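Remarks on the structure that follows.
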Amino acid sequence: MIFEQKDGDIMNLESPIGVFDSGVGGLTVLNELISRLPFENFIYIGDTKNSPYGEKDNDTIASYVSNIVKYFENKGVKQVVIACNTATVNSSHLINETNLDIIGVVQPTALKAINTTITKRVLILATSATIRNGIYQKLLSEQKINAFAVACPKFVPLIEKNMLNTPESFAVVKEVCEPYKDLKIDTVVMGCTHYGLLANEIRQVMGNVNIITSGEATYYVVKDRLKKRNLLNNSQKHGEIKLLTTGSVEVFKKSIGWFKNRIDALEHVSLE
Ligand code: DGL
């Protein structure tokens, strides 16, 4: 949770849920949301024009986040889900900019890791901006968990180019994870929503570890929030799934071959 909606706004059950990320990574979260909330309408924005966020400065990332949330506000979404860790840690300014109810991925993902590790030794993989923010390290160390935090700037470009399960992806993941493989780490946090797509590569280096992704954990928060606000759509009619990219539709299409849910529309959007 980032913050709850201020009083006064009346939302419609049919209003869409706005989900966003810098690119295709947040679709791993959307996948879970669609499967578990099939009657909801969704608008997803992949801000591929500005991707990757993770190597940019905080003010720049915060301005991208503001633009997207402004768009969602104009579309009348009933809930915003920030399906991006880097954007989540650069979203606190939104409290002064919008009345929308906003949920981020960091807290649910960290909580899942805290409840999973037995050895109390956890590897956090995330973008440079998320590691620099230090939120995962803080949340885990407050629970007396030994957190090893590593920025992985080479991961997102591979995923955006759909170079999964390739010699390059195995080599890049090996270079990052190998130093952590014999440290009794039993849990690896995907502190970036793109990284779950590299699970095969990570398991090859780290062995039989728990891989913590954001989708399922975030779904529980979204469902609880909608229920609490009486906004769950139980229409029994499948919702509409609309994907928008600020970059090229063709490139976006090519990089989401792994996305198995139904897509009703895939279009370009300009946020300026
Ligand atoms: N998927 C985003 C996250 O969860 C980051 C990707 C990027 O660097 O743009 O942090």
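Worth saying up front: this structure is predicted, and the values here are computed from it rather than measured. Start at 1 and go down the list; that is how both ligands and their atoms are numbered.
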Looking only at protein heavy atoms, what sits closest to atom 6 (C) of ligand 1 is S22 OG, 3.3 Å
How far apart are the closest heavy atoms of T193 and C84, and which atoms are they?
-> OG1-CA, 4.0 Å
For C192, take its heavy atoms, then give the atoms of ligand 1 lying under 4.0 Å from any of them.
-> 1 (N), 2 (C), 3 (C), 4 (O), 5 (C), 6 (C), 10 (O)
Which ligand 1 atoms are under 4.0 Å away from a heavy-atom of D21?
-> 1 (N), 2 (C)
For T246 and T48, the nearest pair of non-hydrogen atoms, with its separation, is OG1-N, 3.1 Å
Take every heavy atom of C84, measure it against each atom of ligand 1, and state whether any distance is under 4.0 Å.
-> yes
Going by distance only, is there an N or O of H194 that falls short of 3.5 Å from an N or O of ligand 1?
-> yes
Residue Y53 vicinity, atoms of ligand 1 by number, heavy atom under 4.0 Å = 7 (C), 8 (O), 9 (O)
Do Y53 and D47 come within less than 4.5 Å of each other through their side chains, counting heavy atoms only?
-> yes
In ligand 1, the atoms that come under 4.0 Å of a heavy atom of T127 are 5 (C), 8 (O), 10 (O)
Under the salt bridge (charged side-chain N to carboxylate O under 4.0 Å, His left out) rule, what do K254 and E250 come out as? Steps first, then yes or no, please.
-> CA-CA 6 Å; K254 277 198 200 124; E250 282 315 304; 5.6 Å; no
of all protein heavy atoms, closest to atom 8 (O) of ligand 1 is G54 N, 2.8 Å
Using a cut-off of 6.0 Å, state whether more than 12 heavy atoms not belonging to H268 lie near its atom NE2.
-> yes
Considering all heavy atoms of both residues, which atom of I17 and which atom of V81 are nearest to each other, and what is their separation?
-> CG2-CG2, 4.0 Å
Hey, which atoms in ligand 1 end up nearer than 4.0 Å to a heavy atom of N85?
-> 3 (C), 4 (O), 10 (O)
Any N or O of G191 that comes nearer than 3.5 Å to an N or O of ligand 1?
-> no
Mind checking whether F72 and F20 have parallel, tilted or perpendicular rings, split at 30° and 60°?
-> tilted
N/O to N/O below 3.5 Å, does that happen between S51 and ligand 1?
-> no
For atom 10 (O) of ligand 1, the closest protein heavy atom turns out to be T86 OG1, 2.6 Å
Do N261 and I241 have side chains that get closer than 4.5 Å, going by heavy atoms?
-> no
Before giving the answer on salt bridge (charged side-chain N to carboxylate O under 4.0 Å, His left out), spell out for K70 and E97 the whole-Å C-alpha distance, their side-chain angles and the decisive distance to 0.1 Å.
-> CA-CA 9 Å; K70 227 174 278 162; E97 292 184 5; 5.9 Å; no
Does T193 reach ligand 1 with a nitrogen or oxygen that is under 3.5 Å from one of the ligand's nitrogen or oxygen atoms?
-> yes
